Peer 1: 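The following block contains the structure, expressed as structure tokens.
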Amino acid sequence: MNKNKEINGLGGWLILLGIGLIFSPIKFLISLSEFTPAFDQGVWTALMQLDTSGLWATILITETIWNTVIFIAMLYLIFLFFSERSTFPKLYIAVSLLTVVFLPLDYYLTSKVVHESAIDKGVMKDFIVALIGAAIWIPYLLMSKRVKNTFIKNGNKKEKTLVVATCCCLVAVTLGLLIHDKPVGHQELAIADDDKQETPKAENNTVDEKQVLNDSLKLAAQQVNQTLPKMIDSETRLDSSLAGDSKFIYKLTMINYKAEELSSDKFKKIARENLLSNVCTNPGIKAFFDRDVSVDYQYYGKLGNLITGVEIMPDACK
């Protein structure tokens, strides 16, 4: 009994556990930063157009919240670990089990909206690492005499309340910074236009705003392409998207027709009518138009030859 009591302190296998804890917040912070671009107005708009079910939005928001919560949890676990608090083993086990459950569920849901070839294989790698880690550390935390003799300190109520409040504030602030809507500079441009004494500055602002807009569109195209190719209906496949100068371009394929089998003029007329009836009531497209971005739909035959292009200008629905 006395010998068992002597086995305590942050030594032995706990050193490895502690090293892993110290580096874990960095990993989750990097993962969290990768979701920031998706909440840019242009990127979000483009993604939401392709997923009317709302599943893509649910996945993005859920993953952002998950990475934020786990990041905060890891910081808290580090505090509990080095202060040798009695709640450390239980919380570590809970986080490990939640991770093992969340990662395959996240992979499954993502596969519903993202083309299989575009899914980040790192998700399954993370799952395997989490599973192995849980298989090692959970039994250790439950059975180790060192763990039982080390994590015996209790925090007072005031401290626990302070920790919970701090964590909640950090989560709220982090999410607020990530998903805060930052539309490209209509207000800034308006201020610049009103300031007649600073015409050069206003011109520079206009150039900067346009560059930011185009960069946002490029980023949106990259994110959208992760969900493609995707069938729009029984005859139309959306293959890819790309960004132009104040323009967002969709490339589509009519899978049942060769380009020469269709009349370009007739097809363009029918396509424009159909598109106008949809885009003018689509909030996502409206967000593009509000930023003076045109949307160009380029249709190709099943052999890859261009049928026609239909560009919808921002004032088309006015």
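This chain uses plain numbering: 1 for the first residue, then up along the sequence. Everything numeric in this text was worked out from a predicted model, so none of it was measured.
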Peer 1: What's the verdict on ring pair (Phe, Tyr, Trp, His ring centres under 6.0 Å) for Tyr92 and Trp137, showing C-alpha distance, side-chain angles and the deciding distance?
Peer 2: CA-CA 9 Å; Tyr92 187 92; Trp137 293 117; 7.3 Å; no
Peer 1: Heavy atoms, side chains only, cut-off 4.5 Å: are Tyr300 and Met254 in contact?
Peer 2: no
Peer 1: Is Glu261 reaching over with its side chain to a backbone N or O of Lys258, donor-acceptor style, under 3.5 angstrom?
Peer 2: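 Yes, the answer is positive, given that a donor and an acceptor are paired below the 3.5 Å cut-off.
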Peer 1: Between Arg146 and Ile7, is there a donor-acceptor pair closer than 3.5 Å when you use the side chain of the first and the backbone of the second?
Peer 2: no
Peer 1: Heavy-atom distance under 4.5 Å between the side chains of Leu10 and Ile15, does that happen here?
Peer 2: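 Counting from C-beta outward, Leu10 and Ile15 never come under 4.5 Å.
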Peer 1: Where is the tightest heavy-atom contact between Asn154 and Ser86, given as atom of each residue plus distance?
Peer 2: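 Nearest pair, atom of Asn154 first, then Ser86: OD1-OG, 2.6 Å.
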Peer 1: I need the Lys247 NZ to Asp296 CG distance, nearest 0.5 Å.
Peer 2: 5.0 Å
Peer 1: Any link between Val95 and Val129 through a network of hydrophobic side chains (Ile, Leu, Val, Met, Phe, Trp, Tyr) touching at under 4.5 Å?
Peer 2: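 Val95 does not cluster with Val129.
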Peer 1: Please tell me if the side chains of Phe151 and Arg85 come closer than 4.5 Å, counting only heavy atoms from C-beta onward.
Peer 2: no
Peer 1: Are Leu303 and Leu262 connected in the hydrophobic side-chain network, where two residues link if heavy atoms are under 4.5 Å apart?
Peer 2: no
Peer 1: From Lys148 NZ over to Leu142 CG, what is the distance, rounded to the nearest 0.5 angstrom?
Peer 2: 8.5 Å
Peer 1: So do Trp66 and Leu98 actually touch side chain to side chain, heavy atoms under 4.5 Å?
Peer 2: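 SC-SC contact between Leu98 and Trp66 confirmed.
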Peer 1: List the steps, then state whether side chain to side chain contact (heavy atoms under 4.5 Å, CB included) holds for Ser96 with Ile138.
Peer 2: CA-CA 8 Å; Ser96 297; Ile138 290 178; 4.2 Å; yes
Peer 1: Just checking Phe248 against Tyr250, ring centres under 6.0 Å apart?
Peer 2: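 Judged by ring-centre distance (under 6.0 Å), Phe248 and Tyr250 do meet the cut-off.
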Peer 1: From Leu16 CG over to Ile136 CD1, what is the distance, rounded to the nearest 0.5 angstrom?
Peer 2: 10.0 Å
Peer 1: For Leu276 and Ala316, work out which heavy atoms get closest and say how close.
Peer 2: CD2-CB, 3.9 Å
Peer 1: Is there a path from Ile232 to Leu242 through hydrophobic residues (I, L, V, M, F, W, Y) whose side chains come within less than 4.5 Å of each other?
Peer 2: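 They do not share one cluster, since no chain of ILVMFWY contacts under 4.5 Å joins Ile232 to Leu242.
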Peer 1: Taking atom CG of Asn67 and atom CD1 of Ile72, what is their separation to the nearest 0.5 Å?
Peer 2: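 It comes to 11.5 Å.
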Peer 1: Test your reading of the model: is there a side-chain donor-acceptor pair from Ser264 to the backbone of Ile307, 3.5 Å cut-off?
Peer 2: yes
Peer 1: List the steps and the verdict of side chain to side chain contact (heavy atoms under 4.5 Å, CB included) for Lys302 and Asn256.
Peer 2: CA-CA 6 Å; Lys302 63 182 181 179; Asn256 297 323; 6.0 Å; no
Peer 1: Any donor-acceptor pair under 3.5 Å linking the side chain of Asn149 with the backbone of Lys145?
Peer 2: yes
Peer 1: Report yes if the side chains of Met74 and Leu21 come closer than 4.5 Å at any heavy-atom pair, otherwise no.
Peer 2: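 Yes, at least one pair of side-chain atoms sits under 4.5 Å.
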Peer 1: Could you tell me if the side chain of Met231 sits less than 4.5 Å from the side chain of Thr236, heavy atoms only?
Peer 2: no
Peer 1: In sequence, state the C-alpha distance, the side-chain angles, and the governing distance for Lys251 and Tyr299, and then conclude on side chain to side chain contact (heavy atoms under 4.5 Å, CB included).
Peer 2: CA-CA 6 Å; Lys251 291 190 173 182; Tyr299 292 88; over 6 Å; no
Peer 1: Please give me the minimum heavy-atom distance between Ser83 and Lys153, naming the atom from each residue.
Peer 2: O-CD, 3.4 Å
Peer 1: Could you tell me whether the side chain of Gln298 reaches within less than 4.5 Å of the side chain of Thr308, counting heavy atoms only?
Peer 2: no
Peer 1: Minimum heavy-atom separation for Gly301 to Thr253, with atom names?
Peer 2: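 Here Gly301 and Thr253 meet closest at O-CG2, 3.7 Å.
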Peer 1: Quick one: closest heavy-atom pair of Ile312 and Arg272, and the distance?
Peer 2: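 Of all heavy-atom pairs spanning Ile312 and Arg272, the closest is CD1-NH1, 3.9 Å.
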Peer 1: Taking all non-hydrogen atoms of both residues into account, name the closest pair between Val310 and Ala271 and its distance.
Peer 2: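 Reported closest heavy-atom pair: CG2-CB, 4.1 Å.
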Peer 1: Roughly how far, to the nearest 0.5 Å, is OG of Ser24 from CD1 of Ile70?
Peer 2: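 Answer for the CD1-OG pair, Ile70 versus Ser24, is 9.5 Å.
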Peer 1: Is it the case that more than 12 heavy atoms not belonging to Met143 sit under 6.0 Å from its CE atom?
Peer 2: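 No - once you tally the heavy atoms of other residues, nucleotides and ligands closer than 6.0 Å, there are 12 at most.
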Peer 1: NZ of Lys268: more than 12 outside heavy atoms within 6.0 angstrom?
Peer 2: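 No.
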Peer 1: Atom CG in Leu238, atom OG in Ser240: separation rounded to 0.5 Å?
Peer 2: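 Reported value, rounded in 0.5 Å steps: 7.5 Å.
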Peer 1: Is there a path of hydrophobic side-chain contacts, each under 4.5 Å between heavy atoms of I, L, V, M, F, W or Y residues, that connects Leu17 with Ile152?
Peer 2: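 No, Leu17 does not connect to Ile152 through the hydrophobic network.
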Peer 1: Run the numbers on Leu77 and Leu91 for side chain to side chain contact (heavy atoms under 4.5 Å, CB included), then give the verdict.
Peer 2: CA-CA 7 Å; Leu77 280 171; Leu91 182 59; 3.7 Å; yes
Peer 1: Side chains of Thr150 and Glu84: do they bring a donor and an acceptor to under 3.5 Å?
Peer 2: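 Short answer, no.
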Peer 1: Are Leu80 and Trp13 in one and the same hydrophobic cluster, where Ile, Leu, Val, Met, Phe, Trp and Tyr link if side-chain heavy atoms are under 4.5 Å apart?
Peer 2: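 Yes, same cluster.
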Peer 1: Would you sort out whether Asn274 and Ser277 count as a side-chain hydrogen bond (donor to acceptor under 3.5 Å, both in side chains), showing the intermediate values?
Peer 2: CA-CA 5 Å; Asn274 291 334; Ser277 65; 5.0 Å; no
Peer 1: Are the side chains of Ile249 and Ser241 in touch, meaning some heavy atoms are under 4.5 Å apart?
Peer 2: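 They are not in contact (no side-chain heavy atoms under 4.5 Å apart), so the answer is no.
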